[in-house]
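Residue numbers start from 1 in every chain, and the chains themselves are labelled A, B, ... in the order their sequence lines are given, proteins ahead of strands. Computed from a predicted structure; not experimentally measured.
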Protein chains: 2
Amino acid sequence: MPIQKVTREEILTKSLEVFRHRGYHNTSMNDLANAVGLLKGSFYHYFDSKETLMKEVLSSINIFLKAQVFPIAYDTTLPIEERMETMLKRFSKTVFSKDGGCIVGNTILETVNLYPQFKEILQEIITGWMDALTYMYEQTHSSEHAIKLAEQTIMEYEGAIMMSKLYGKSHFYKDCYIRTLERLTVHG
Amino acid sequence: MPIQKVTREEILTKSLEVFRHRGYHNTSMNDLANAVGLLKGSFYHYFDSKETLMKEVLSSINIFLKAQVFPIAYDTTLPIEERMETMLKRFSKTVFSKDGGCIVGNTILETVNLYPQFKEILQEIITGWMDALTYMYEQTHSSEHAIKLAEQTIMEYEGAIMMSKLYGKSHFYKDCYIRTLERLTVHG
DNA sequence: GTCTATAAAACGATAGAC
DNA sequence: GTCTATCGTTTTATAGAC
């Protein structure tokens with residue numbers, strides 16, 4: 001048996017970073033292979049296409065969020081503010097990056113119109129986030145209002161990513177974070 | 001002189017639509033040329049590169065906004081709600097599209113990290129929008145608060161575009177629109 | 001003939017896939 | 001490494017208005 005240089009997991013982790021930084025169409029198989037230290041030819045031993053790889057990257061994000069992040073919202077042993085804070089922080093660590101990219105938001109804007117292959121998994125991720133936020137806002141608001149607040153929170157965060165990228169400043173996130181917490185308590 | 005099939009203006013208008021729909025990297029010179037009824041080689045008679053073309057597209061958007069949209073905010077002969085409504089509607093007509101794309105937001109997320117060529121003009125567009133919104137919110141809020149509200153408005157709209165694209169629903173825009181108007185009056 | 005908008009063909013580079 | 005396709009770009013040829 002030849003030596004296995006990398007694992008599928010490592011490829012997925014590295015590919016996530018590359019896709020987040022470069023976008024989907026502007027990432028070549030060469031970029032991905034280089035990032036994990038393989039020749040692009042060897043890459044097809046693990047994944048049969050760029051599309052399949054992206055699908056698995058998005059799927060692994062979804063699995064992680066469903067296992068490690070979203071459940072926090074429903075853990076009623078913790079105070080609501082703490083749940084929200086922890087969830088936002090963990091979510092950011094997975095899905096956002098320092099240079100201002102959100103792999104989920106970027107991929108939606110870049111592909112949903114013309115490459116519906118990713119639409120389903122992207123919807124699943126955002127819906128999971130929506131449900132978790134809605135559940136938390138329902139503790140202090142009506143169901144209909146909670147949904148609107150959850151939508152507003154997600155929209156603001158995605159917009160904050162754009163603004164951070166454009167101006168290289170991070171206060172947009174922080175303002176979002178504060179407003180997201182404020183919505184738990186004020187003007188019911 | 002031979003028959004001219006298209007004008008520079010027509011190319012810019014058509015290219016704006018193609019870039020908005022397909023994104024920057026996923027648009028080929030072939031796509032652009034086909035959209036205006038030329039072969040891709042002939043395209044270079046008008047623009048010397050894809051990058052130059054995109055720059056001019058963004059620049060034409062900026063010129064239009066500065067001449068026809070942003071000045072509305074400063075027209076004190078009109079009531080503030082009317083100014084905001086008119087501005088939002090005109091802005092949407094130029095920059096957004098039915099299939100849920102914002103050429104400005106998309107291009108920021110797709111290019112700013114790796115193609116800084118567009119950064120300056122993109123900043124100019126967003127800053128123009130920011131200034132117009134801030135000016136209006138300053139009528140009923142402090143300067144510092146007005147800036148935050150303007151930022152929040154832009155972030156929400158860009159997020160709404162993402163959500164509309166993902167779920168094929170338009171209520172995200174409408175909610176943004178309502179909240180943007182509400183911010184003019186409530187909780188000063 | 002000159003000028004120029006477009007077509008046609010071909011360039012080198014790089015894409016995704018094998 | 002090799003394949004084929006396509007990328008952005010350049011060059012050459014053609015056609016029609018002066």
Exercise. With heavy atoms under 4.0 Å as the rule, sort B/Thr52 into base, sugar-phosphate or nothing.
Key: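 B/Thr52: no heavy atom of the nucleic acid under 4.0 Å.
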
Quiz prompt | Aromatic ring pairing A/Phe43/A/Phe47, orientation class (parallel under 30°, perpendicular over 60°, tilted between) | solution = tilted

Exercise. Kindly check if the number of other-residue, nucleotide or ligand heavy atoms within 6.0 Å of NZ (B/Lys14) is above 12?
Key: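 Counting other residues, nucleotides and ligands, NZ of B/Lys14 stays at 12 neighbours or fewer.
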
Exercise. Find which nucleotide of DNA chain C each of A/Gly41 and A/Asp31 is nearest to by heavy atoms, and output the residue with the more 5' nucleotide.
Key: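 Between the two, 5'-proximity favours A/Asp31.
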
For [X] and [N], give me the distance from atom [atom1] to atom [atom2], rounded to whole Å.
X: B/Asn30; N: C/dA10; atom1: CG; atom2: P; result: 17 Å
X: A/Met29; N: D/dT2; atom1: CE; atom2: C1'; result: 16 Å
X: B/Tyr46; N: D/dT10; atom1: OH; atom2: C1'; result: 18 Å
X: B/Leu38; N: D/dT14; atom1: CG; atom2: P; result: 20 Å
X: B/Asn34; N: D/dC7; atom1: CG; atom2: C1'; result: 14 Å
X: B/Tyr24; N: D/dC7; atom1: OH; atom2: P; result: 14 Å
X: B/Leu39; N: D/dA13; atom1: CG; atom2: P; result: 17 Å
X: A/His45; N: C/dA17; atom1: NE2; atom2: P; result: 17 Å

Quiz prompt | ILVMFWY clustering at 4.5 Å (side-chain atoms), partners of A/Leu114 | solution =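 ILVMFWY cluster around A/Leu114 also holds A/Tyr115.
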
Exercise. Identify, with sequence neighbours excluded, every residue that meets side chain to side chain donor-acceptor pair (under 3.5 Å) alongside A/Tyr157.
Key: none

What nucleotide among [options] has an atom nearest to a side-chain atom of [X]?
X: A/Lys40; options: C/dT6, D/dG8, C/dG16; result: C/dG16
X: B/Tyr44; options: C/dT6, C/dA7, D/dG8; result: D/dG8
X: A/Ser49; options: C/dA17, D/dG8, C/dT6; result: C/dA17

Quiz item: When only distance counts, do a donor and an acceptor, one from the side chain of B/Ser42 and one from the base of C/dA7, lie under 3.5 Å apart?
Solution: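 Present.
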
Quiz item: Are B/Glu151 and A/His171 close enough that a side-chain donor and a side-chain acceptor fall under 3.5 Å?
Solution: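 On atom types as modelled, these side chains qualify, holding a pair under 3.5 Å.
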
